[in-house]
Number of protein chains: 2
Amino acid sequence: MRKIRKFSAPEPSMRRLPAYLHVLTRLLRENRLYVSCTFISNELYLDPTQVRKDLALTGIVGKPRVGYSVEELIDKIKAFLGWDVQRNAFLVGVGNLGTALLGYQRFRLYGLNIVTAFDKDPRRIGKTIFGVDVLHVDKMTNLALRNKIDIGIITVGEDAAQEVADLMVQGFIKGIWNFAPKTLIVPDDVIVENAQLSVSLGVLTSKMKLSQTEKNMV
Amino acid sequence: MRKIRKFSAPEPSMRRLPAYLHVLTRLLRENRLYVSCTFISNELYLDPTQVRKDLALTGIVGKPRVGYSVEELIDKIKAFLGWDVQRNAFLVGVGNLGTALLGYQRFRLYGLNIVTAFDKDPRRIGKTIFGVDVLHVDKMTNLALRNKIDIGIITVGEDAAQEVADLMVQGFIKGIWNFAPKTLIVPDDVIVENAQLSVSLGVLTSKMKLSQTEKNMV
DNA sequence: TAGATTGTTAATCGATTAACAATC
DNA sequence: TAGATTGTTAATCGATTAACAATC
């Protein structure tokens, strides 16, 4: 196995932080100034020590007996997740899922700015979907080189996914968000995050199957 | 913390299995009869022992020097993930994401059958989207009780998510696939799988931030 | 002050990886 | 048979949880 030096924080922690942000945003709306780990852990059914460690990763310092400043904590978590800067993205594959992502307003909260979409289907090219133009995928690499594009979103089928990833790498895109059910091969300095729906569904249906077995066992 | 007796398999393993299935499906198309752990681990950049342990979870028995039967392995993994049976699902929230899920043909491969969709927006009610009728969400609970519905898919906003989950629980739905950015509170016998896009995006942008820091450090 | 909460160190738990015997 | 591969046990690694001192 290729060993990669690990600078990055524990992934389980990274995955919990967005949920903290949801709670904190609500508290901010309610004008709460401070929050304790215990409060967050109760809201999310997590261990309070785990919450404390996760928060410590962001560099925040709390006040004993008082807790953490809600506002400061929101800022620190956003910075930790890299949501404090705007990132320009290209999306390739304007099918159902791609279209849904183009219309997902919430991405603005995370600094994700999808500037252009691409496809190879002539029926889709030339359209404007949720204010985003759809161009032929052949134009993607050059456009990525000219405008600095941070993130490439892959919402094509599994057959085209590697091809699209290659074009993104050529366009010096350093982060790929891959929704295609395919393991991508990219250089070491390119980060791939997989977001296959099947993975999540598999966890659900696998656990459901097990809970049926449990019932039979009782 | 509430301790839950754990029957279910390690979640990391469950999350890797769909990727194995992709490789195996390709091999099946290529008419390969047998496959070794080493082959799969090379394809997916995983440790071969890890692959072997994951496969062992499915109950498959391999032949030394030969490997595992591709066809049998596919069946075993599908059974393990609970993808060997059809499950009826209701989807609530016919926004962009909900619509995309209704049109996602691949779900059939996983046994997921979305039978009806729901919303509370009168402009959406009465429509048929990708062959699925959209009804008012008030009708959901009763319909779930009358037809046996296994899975509820929540694609509403965070404000309505808990409310929708409550209705699903009342309708005896035992598995909830939650795309809303909200931690749901449900009885112990209901399984919730969260599939927030923000979690995946957060991992990507957090790692990208770190790799920029690395560059500055060099 | 007393006590709630943070921050940190130690212990436990679970997942990954290494080593190796069994097998065909 | 020799050797590739499985299956399993042991070692390591990392994440979670417990314990407790520091703080305001």
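In what follows, chains are A, B, ... by sequence order, proteins preceding strands, each numbered from 1.
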Asks: Does this structure show an ion pair linking Glu43(B) with Lys182(A), if we count only N-O contacts that are shorter than 4.0 Å?
Replies: no
Asks: In terms of side-chain heavy atoms of Arg65(B), which of dT17(C), dA4(D), dT6(D) is nearest?
Replies: dA4(D)
Asks: Answer yes or no: is there an ion pair linking Lys174(A) with Asp189(A), defined by an N-O contact shorter than 4.0 Å?
Replies: yes
Asks: Report yes if at least one side-chain N or O of Tyr34(A) is closer than 4.0 Å to OP1 or OP2 of dC24(D); otherwise report no.
Replies: no
Asks: From CG of Leu57(B) over to C1' of dT6(D), roughly how many Å is that when rounded to an integer?
Replies: 15 Å
Asks: Please identify which of these residues, Asp166(A), Asn178(A), Val169(A), meets the side-chain contact (heavy atoms from CB on, under 4.5 Å) condition with Leu184(A).
Replies: Asn178(A)
Asks: Round to a whole Å and report the spacing from CG of Leu46(A) to P of dA18(D).
Replies: 13 Å
Asks: For the side chain of Lys53(B) and the base of dT6(D), is some donor closer than 3.5 Å to an acceptor across the two?
Replies: no
Asks: Taking all non-hydrogen atoms of both residues into account, name the closest pair between Ile153(A) and Ala89(A) and its distance.
Replies: CD1-CB, 4.3 Å
Asks: Choosing from dG7(D), dA18(C), dA4(C), which nucleotide comes nearest the side chain of Arg52(B)?
Replies: dG7(D)
Asks: Between Lys207(A) and Glu11(B), does any side-chain N to carboxylate O distance fall below 4.0 Å?
Replies: yes
Asks: Could you state the atom-to-atom distance from CG of Asp47(A) to C1' of dT6(C) in whole Å?
Replies: 14 Å
Asks: Check the distance between dT5(C)'s P and Asn42(A)'s CG and give it to me in whole angstrom.
Replies: 10 Å
Asks: Check whether Phe80(B) forms a cation-pi arrangement with Lys209(A) (NZ or CZ under 6.0 Å from the six-membered ring centre, at most 45° off the ring normal).
Replies: yes
Asks: Categorize Thr49(B) for me: base, sugar-phosphate, or nothing, with a 4.0 angstrom heavy-atom threshold over every strand shown.
Replies: base
Asks: How long is the line joining OH of Tyr68(A) and C1' of dA4(C), in whole Å?
Replies: 13 Å
Asks: With ring centroids as reference points, do Phe107(A) and Trp177(A) lie under 6.0 angstrom apart?
Replies: yes
Asks: Look at the side chain of Gln50(A) and decide which nucleotide, out of dT16(D), dT16(C), dT5(D), has an atom nearest to it.
Replies: dT16(D)
Asks: Identify, between Pro64(A) and Ala56(B), the residue whose nearest nucleotide on DNA chain D lies closer to the 5' end.
Replies: Ala56(B)
Asks: Please, what dot-bracket string fits DNA chain D when only Watson-Crick and G-U pairs with both distances under 3.5 Å count, crossing ones use [ ] and pairs to another strand use |?
Replies: ..||||||||||||||||||||||
Asks: Rounded to the nearest angstrom, tell me the gap between atom CZ in Arg15(B) and atom P in dG14(C).
Replies: 19 Å
Asks: If each of Ser36(A) and Asp54(B) is mapped to the nucleotide of DNA chain C with the nearest heavy atom, which maps nearer the 5' terminus, i.e. the 5' end?
Replies: Ser36(A)
